[in-house]
Amino acid sequence: MMSTPSKQIMVTHVSARRGFLQASGLVLSGTAIALLAGREALATEVQDVTALRRGIDATHRRFEDMFNRGDAAGAARQLYTRDARILPPGAETVRGRDRIAEYWAAAAAAPQTGVRRVELSTLDLQPLGDGAYEIGRATLTLASGQRVTPRYFVVWKQEDGAWRRREDIWNMDSA
C-alpha cells in the first residue's frame with residue numbers, strides 16, 4: 001500500500017515535533033544544570049568575597065597599627081606591592097614600594113600637616129580577576145590635631161601570600 005502525501009506529512013510532523021520536544025528537554029535540562037551550577041558558583045563567590053574582605057581588613061589593621069606607632073615607612077612597605085604606584089592629589093605619581101615608603105615617611109614627618117594617625121574604612125570591595133578593587137575612606141589625624149577624611153580607590157593584588165595595594169589614588173573632599 002502506498003502512503004498518501006498527508007500521511008507522510010503527518011509522520012514528518014510528528015517526528016519533527018518529537019525531535020523538538022527532545023531538544024527542548026535537553027535545553028531545559030542544561031538550563032537547570034547551569035542555574036544550579038550558577039547558584040553554587042555564586043555561593044562560592046560570596047565566600048571568596050568574605051575571605052577577600054577578611055584578608056584586606058587584616059592588611060588595613062596591620063598598616064594602621066604600624067603607622068600609628070610611628071613606623072610610616074614600614075607600614076607602607078607591608079601595604080604595597082613591589083611595583084605599586086600611588087597617585088597623590090596634586091603630585092607626581094610615585095612608583096615602587098621603596099619610593100612609596102619614602103613618600104609616607106615624609107608625609108608623617110611634616111611638622112604641622114604630618115599625618116599622625118590613620119584609620120581606613122572600606123565602603124565597597126569587589127573581586128576583579130585575580131585581585132580586587134576597593135573604594136574607601138581614610139580618617140587622618142594631622143599633627144595640628146585637625147582630622148581630614150580623603151576618599152580612595154585601590155586595586156589590590158596578592159603578593160607573597162598577602163593582599164597588597166597595587167594602585168592607590170585618593171582625593172580630599174572639598175571644604
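FYI, side chains are in, hydrogens and waters are out, and symmetry mates aren't considered; it's all heavy atoms of this structure. Please read all numbers here as calculations on a predicted model, not as lab measurements.
Note on residues 111-125: pairs passing side-chain hydrogen bond (donor to acceptor under 3.5 Å, both in side chains), not counting sequence neighbours, are Thr122-Glu134, Asp124-Gln126. The list of salt bridge (charged side-chain N to carboxylate O under 4.0 Å, His left out) pairs with a residue in residues 87-98, not counting sequence neighbours, reads Arg77-Asp98, Arg97-Glu159. Every pair passing side-chain hydrogen bond (donor to acceptor under 3.5 Å, both in side chains) that includes a residue from residues 99-111 is listed here, sequence neighbours excluded: Tyr80-Trp104.
Val49 and Val155 fall into different hydrophobic clusters, where Ile, Leu, Val, Met, Phe, Trp and Tyr residues are linked whenever their side-chain heavy atoms come under 4.5 Å apart, directly or through other members. By the criterion of side-chain heavy atoms lying less than 4.5 angstrom apart, applied directly or through intervening Ile, Leu, Val, Met, Phe, Trp or Tyr residues, Phe63 is not grouped with Tyr133; the two fall into different hydrophobic clusters. Follow the hydrophobic side-chain contacts under 4.5 Å out from Leu128 and you never reach Val154; the two are in separate clusters.
We find the CD1-OG1 distance between Ile100 and Thr81 to be 7.0 Å, quoted to the nearest 0.5 Å. Phe153 CZ to Glu167 CD: the interatomic distance, rounded to the nearest 0.5 Å, is 9.5 Å. Atom CG of Asn171 is separated from atom OH of Tyr152 by 13.0 Å, given to the nearest 0.5 angstrom.
Contact check for Ile135 versus Arg151: no side-chain heavy atoms found under the 4.5 Å cut-off. With a 4.5 Å cut-off on side-chain heavy atoms, Thr59 and Trp156 count as touching. The shortest side-chain heavy-atom distance between Ile86 and Thr93 does not fall under the 4.5 Å cut-off. Contact of the Asp160 side chain with the Arg82 side chain is registered, since non-hydrogen atoms from C-beta on lie closer than 4.5 Å.
Residues Ala143 and Pro111 share a closest heavy-atom pair of CB-O, 3.0 Å. Closest approach of Ala73 and Ala101 over heavy atoms only: O-CB, 3.6 Å. For the pair Thr139 and Thr149, the tightest heavy-atom approach, listed with the atom from each and the gap, is OG1-CG2, 3.9 Å. The shortest non-hydrogen separation linking Ala138 to Leu120 is CB-CD2, 3.7 Å. A pairwise comparison of heavy atoms in Pro150 and Trp170 identifies CB-CD1, 4.3 Å as the closest pair. The nearest pair of heavy atoms linking Trp163 to Ala132 is CZ3-N, 4.4 Å.
Between the side chain of Asn68 and the backbone N or O of Val118, at least one donor-acceptor pair lies under 3.5 Å.
Partner of Asp65 under the salt bridge (charged side-chain N to carboxylate O under 4.0 Å, His left out) criterion, chosen from Arg62, Arg61, Arg69: Arg69.
Using a cut-off of 4.0 Å between Lys/Arg side-chain N and Asp/Glu carboxylate O, Asp130 and Lys157 are scored as not salt-bridged.
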Please determine whether side-chain contact (heavy atoms from CB on, under 4.5 Å) holds for the pair Val115 and Thr141, giving the CA-CA distance in whole Å, both sets of side-chain angles, and the decisive distance to 0.1 Å.
CA-CA 6 Å; Val115 178; Thr141 304; over 6 Å; no
